[in-house]
Amino acid sequence: MEIYHVRINHIRRPLGFCMLHTQISWKIRNARGKRQQSARILVSDQENMSTFLWDSGDKDLSSLGSDIPIRLEPRTRYYVQIIVISDLNEIAKSKVTWFETGKMDEPWQARWISCQNQKRHPIFQREVQLRAEVASARLYICGLGLYEAYYGDEKLGDEYLTPFSNNYRQWLQVETIDVTRQLNHDDKLSVLMGNGWYKGRFGFTAHEDKGFYGDCWHLIAELHIRYRDGSEELIKTDEDWKLAFSNITFSNLYDGEHIDDTLALLPEEQVTLAQGPEGKLMDRMSPYLTVHEVLRPVEVIRTPKGELVIDLGQEVTGIFELDLKEDYGTQIRLQTGEILQEGNFYNDNLRTARSEFIYVSDGKKRTIRPHFTYYGYRYVKVEGLTNFQKEQFRALCIYSDVEMTGRMRTGHKLVNQLLSNVTWGLKDNFLDVPTDCPQRDERMGWTADTQVFTATALYLTDAYAFYAKYLFDMYTEQLQLDGMVPDVIPSAGIHSTSSVWGDAACIIPWILYQFYGDRSILEDQYESMKAWVNWVRNYDGDDFRWRTAFSYGDWLALDAMDQDPQHAMGATNEGFISSIYYAASAEIVGKAAKILGKLEDAEEFLKLSQYQFNAVRKEYYSPTGRCCIQTQTAMILTLKYHLSDNEKLIKDTLWDLFTASDHQLRTGFTGTPLLGDVLTEHGFADLAFELLLYEGYPGWLNEIKLGATTVWERWNSLLSDGRVSGTDMNSMNHYSYGSIVEWMYRHVAGIAQLEGEVGFKKALIAPKIHWDLQELEAEYDSPAGRYRSVWKIVDPNHLYLSFDIPFGAEAYVELPYFKREKYSNKGNSLLQKEVDGRYFVASGHYEIQYVTDKQLTPRYTVDLPVLRLAKNPRAMQLMAGFMPHDNVPVEMRGKSFRDLLRKYQPEMREDEMEEINEQLTMIFTKK
């Protein structure tokens, strides 16, 4: 038995993080036992755990999160060990881990220092003369806009773009860096400054020469040194620091960076003591922001225009390193882009973002890189280099420390590429803030993009701390806006709001609670959740004004009345969507209040939710239960929230709408993330698979066939000939529609929670099988431990499945196409306890192979709808000889081929029809 994934507040060895809670969680693997008998938590200030600050004793502690009730001191390291005993008396001890507090509320002795704006980026610095051998040293630092700290020539810490992106008007993040190793000699402590989110061009209101939050560089830092002789020293920013000037002459996040190494060295100047920014200094909340992968070019292209272009083979986010030695004064220019057009470099879809790096060589051999910008790119156009070799270039992929927890592979090549695209889209847009895109002049934390993707992200990664920071920032914005949630977090001056977007304040914490079973996220965000619903309630008044407020609605849906592919607004009534999400958010607040013991609030908000749902029914549904808004998204929302008493009618309408669109989706940002789950849970799993596997437009696999390595913003970001459909709002790296992967984990792999449960301690394993996938293997290292689901179609009549349930968890298993009476091995451990057609299992490994109660190959018969048959080329060829398929009326496309044969070939005999049926029966697709 082994303890792994020990986390403090969901962070691996947090150094200097804000400790809103002190909570430890862990997981167990390789145990013979099924569950935990007891657990013990030990906390010490000694690494050898010789004495304890706290000992929980052997108790039934939750591995999902147990509090450490000790009073924390500033700038102190605490060591932690966990001991777990299983129900078979196995004993496991974790490795000793640690967490270290930052400055907490300790007063700062350092002063803010600043300087006048200069063309060359400043360097604040001072000499360090050590008094003795250093035992430990920590640098506590915050610099605005961005900074990189150095001791001598060595960069301190492995993070980039510090101090990250947040609402600087309310709070400023302090980074803690362990510099013990570097302080083994006297040298210069220096801090190179950049612009970034704070004082550079960012957002829709900032200008090139003035940022939204500020327009001056600021720095505050304390270097705390403890010597081996027991003495201590503090080096702090004050008037004794000097000002030097770097060779960086320009930087911002959108346009890139310019470095000129031919510039002359300038004399040092005095720094200026400053009041500092208005935000409060706080220990950090942002997860570590580091390089996770280093990619090499897969190809160097000489384009038809003669351009030298690097192809990474994958769209990434981050910076790069370039090895070079060029003559003195040589200017090298690199520009980044997502796609090629007609074989040439292209980045017009980045709008005003120049996305470049310009370097002027001093003639020396160097490895150069940008410091204070980042790029979203696959292609790099290089100008000015002589004899370039692809080995000179390395892409540094930068994103927040979100450990991968999900892995899935199928027998379908394009689906596997989709899974890769979604994962890379997550990485590329998880750069401290969950951004909408990483490349154009935007890169903002749009709330709807974030909330629709949260569940997918939590299957793929351990992102609790990442989202917790985002939500903390959200509430700081709400405090300035009477509870309103701006469309973008941090807002950067965007103070508009919308339903679905603002509802992220309730939806994201609720999803986090469901996945992790950690109620602290509800405690932390409850006032934010409540404030949003109250703001909507005040706006709504007594006459439902919220229905008439601006809303993005089903953004980028394809069912707009004008049928313009560039149209952004969907056809689903915005007031309908707003009303539903208002009611749903109120319900979430009511449920959260009940969990937190706020019973009066619970009653109030649950009553409000019910009132609003009833108002939706009264306004948008007929007495027979028909929805007055006839769109795919409206039907999906109706089924999800059970808004009609006549769900059969709603499902029939949904089917008719898909029939009218030839089984193609027309949904946008609101409908698409719900599509797979709702279809599957209401009997349309085959349709959900059909949408997933459709290789034409609009569809996920269509993008892949056109070369996508991430998920597009629009279904038609590229046209069928590879041309860009437009440049006004067109990103090749938006993860929102990647939310289909949640459905793939929840239903195709079948790894879901039992309804009403949290933390994945009780699961429902119910995989959905599809012939075109042939096989699937999925792992999800949940907060409760690692689940694994495998299925394989052995042949048209045999299915193999295996499952792993983690220690301390249990599950109900649904076996597809399984009849107990046909299975001979009655001793199979999977089948020992049956409950209502499901098989109950505890922790362990289970597998089974059986004869299915139906043939698994797709059969094409005259009783299938015409539009379904038309998707198979051989079936289409056969049908074309009997009916004018291209001219079949829309309302008839959902009819069976048999019905249409009777319509168009009324003289056809029954035996002739059966002959056609036999021909169709022989047609099936095998991947």
Side-chain angles (χ1 to χ4, degrees), residues 155 158-161 256-257 259 288-303 305-326 330 332-341 343-347 350 355-359 361 364-404 407 409 413 416-431 438-439 704 706-711 732-733:
K155 182 178 179 295
D158 59 357
E159 296 191 77
Y160 293 85
L161 302 172
E257 190 166 295
I259 300 176
Y288 302 114
L289 187 60
T290 60
V291 172
H292 290 265
E293 289 100 359
V294 178
L295 300 187
R296 300 275 186 169
V298 297
E299 186 180 5
V300 176
I301 303 167
R302 185 64 70 174
T303 72
K305 289 184 178 180
E307 306 155 316
L308 181 66
V309 175
I310 296 168
D311 179 7
L312 291 175
Q314 173 63 56
E315 184 153 0
V316 301
T317 294
I319 55 175
F320 45 75
E321 291 181 336
L322 180 65
D323 302 326
L324 57 80
K325 187 182 186 306
E326 299 290 343
T330 301
I332 294 96
R333 184 187 189 208
L334 286 77
Q335 293 174 277
T336 65
E338 299 183 277
I339 53 173
L340 301 178
Q341 289 288 276
N344 297 307
F345 179 79
Y346 177 89
N347 66 1
L350 307 191
S355 194
E356 66 182 7
F357 180 67
I358 295 175
Y359 174 75
S361 174
K364 298 179 181 178
K365 184 178 181 180
R366 293 189 181 276
T367 297
I368 60 173
R369 69 165 174 88
H371 295 263
F372 300 119
T373 190
Y374 73 91
Y375 308 86
Y377 67 104
R378 171 177 172 173
Y379 297 97
V380 183
K381 184 171 77 171
V382 183
E383 298 174 289
L385 284 179
T386 57
N387 301 317
F388 173 76
Q389 302 294 319
K390 65 181 182 181
E391 292 76 17
Q392 293 174 243
F393 185 93
R394 295 172 296 280
L396 309 183
C397 306
I398 298 174
Y399 52 92
S400 296
D401 187 15
V402 287
E403 183 178 346
M404 300 303 298
R407 183 183 68 84
R409 179 192 58 79
K413 183 178 179 181
N416 290 342
Q417 184 61 50
L418 171 63
L419 291 164
S420 172
N421 289 11
V422 174
T423 300
W424 272 106
L426 179 153
K427 294 176 179 180
D428 294 345
N429 282 290
F430 271 34
L431 195 144
Q439 74 297 86
I704 292 164
L706 289 171
T709 62
T710 46
V711 178
M732 309 299 155
N733 198 351

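All figures in this text were calculated on a predicted structure; none of them were measured in a lab. Both backbone and side-chain heavy atoms feed into the values below; hydrogens, waters and symmetry mates do not.
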**Report entry** For Tyr377, all residues meeting ring-ring contact (aromatic ring centres under 6.0 Å, His included), sequence neighbours excluded
**Finding:** none
Query - Any residue meeting side chain to side chain contact (heavy atoms under 4.5 Å, CB included) with Lys365, in chain and number order, not counting sequence neighbours - result: Lys325
Query raised in the report: Under the ring-ring contact (aromatic ring centres under 6.0 Å, His included) test, which residues partner Phe393, sequence neighbours left out?
Result: Phe320
Requested in this report: Give, for atom CD of Glu356 and atom CG of Leu350, the distance between the pair rounded to the nearest 0.5 Å.
Outcome: 11.5 Å
Query raised in the report: Would you call His292 and Tyr399 a side-chain contact if the rule is heavy atoms closer than 4.5 Å?
Result: yes
**Report entry** Atom pair CE (Met732) and CD (Gln439), whose distance is rounded to the nearest 0.5 Å
**Finding:** 8.5 Å
Report task. Run the numbers on Thr709 and Trp424 for side-chain contact (heavy atoms from CB on, under 4.5 Å), then give the verdict. Result -> CA-CA 8 Å; Thr709 62; Trp424 272 106; over 6 Å; no
Query raised in the report: With sequence neighbours left out, what residues match Glu159 under salt bridge (charged side-chain N to carboxylate O under 4.0 Å, His left out)?
Result: Arg284
Report task. Go through the steps for Leu385 and Leu322 under the test side-chain contact (heavy atoms from CB on, under 4.5 Å), then give the verdict. Result -> CA-CA 11 Å; Leu385 284 179; Leu322 180 65; 3.9 Å; yes
**Report entry** Partners meeting side chain to side chain contact (heavy atoms under 4.5 Å, CB included) with Asn416 (sequence neighbours left out)
**Finding:** Arg409, Thr410, Leu419
Requested in this report: Would you list the pairs meeting salt bridge (charged side-chain N to carboxylate O under 4.0 Å, His left out) in which at least one residue belongs to residues 417-430, sequence neighbours left out?
Outcome: Glu293-Lys427
Query - Note, Arg378 side chain near Asp311 side chain (heavy atom, < 4.5 Å) - result: yes
Report summary line: CD1 (Ile704) and OG1 (Thr710) are apart, to the nearest 0.5 Å, by 10.5 Å
Query raised in the report: Leu324 versus Thr330: any side-chain heavy-atom pair under 4.5 Å?
Result: no
Query raised in the report: Hey, does Arg302 have a side-chain heavy atom less than 4.5 Å from the side chain of Leu308?
Result: yes
**Report entry** Inter-residue atom distance Thr290.OG1 - Asp401.CG, 0.5 Å rounding
**Finding:** 6.0 Å
Query - Ile398 vs Tyr374 side-chain heavy atoms within contact, under 4.5 Å - result: no
**Report entry** Set of ring-ring contact (aromatic ring centres under 6.0 Å, His included) partners for Tyr379, sequence neighbours left out
**Finding:** none
Report task. Find out whether Arg366 and Tyr359 are in side-chain contact, i.e. whether some heavy atom of one side chain is under 4.5 Å from a heavy atom of the other. Result -> yes
Report summary line: Residues at least two apart in sequence or cross-chain that pass side chain to side chain contact (heavy atoms under 4.5 Å, CB included) with Lys390, listed by chain then number, are Pro297, Val300
**Report entry** Nearest-0.5 Å distance that lies between atom CG in Leu426 and atom CG in Asn733
**Finding:** 10.5 Å
Query - Residues in salt bridge (charged side-chain N to carboxylate O under 4.0 Å, His left out) contact with Arg369, at least two apart in sequence or another chain - result: Glu148
Report task. Could you grab the distance from atom OG1 of Thr373 to atom CG of Leu161, nearest 0.5 Å is fine? Result -> 8.0 Å
Query raised in the report: Is a donor on one side and an acceptor on the other found under 3.5 Å between the side chain of Glu338 and the backbone of Gly376?
Result: no
Query raised in the report: Would Asp323 and Arg394 satisfy side-chain contact (heavy atoms from CB on, under 4.5 Å), going step by step from the backbone distance to the final call?
Result: CA-CA 9 Å; Asp323 302 326; Arg394 295 172 296 280; 2.9 Å; yes
Report task. Check ring-ring contact (aromatic ring centres under 6.0 Å, His included) between Tyr346 and all other residues, then give those that pass, not counting sequence neighbours. Result -> none
Query raised in the report: Got a sec, which residues hit side chain to side chain contact (heavy atoms under 4.5 Å, CB included) with Lys413, two or more places apart in sequence or on another chain?
Result: none
Query raised in the report: Quick one: are Thr317 and Asn429 in side-chain contact, heavy atoms under 4.5 Å?
Result: no
**Report entry** Contacts of type side chain to side chain donor-acceptor pair (under 3.5 Å), residue Glu257, not counting sequence neighbours
**Finding:** none
**Report entry** Residue pair Val380 / Tyr375, side-chain heavy-atom distance below 4.5 Å
**Finding:** no
Report summary line: Between Cys397 and Leu295 the two heavy atoms that sit nearest each other are SG-CG, 4.0 Å
Requested in this report: Please check if the side chain of Thr303 supplies one atom and the backbone of Lys305 the other of a donor-acceptor pair under 3.5 Å.
Outcome: yes
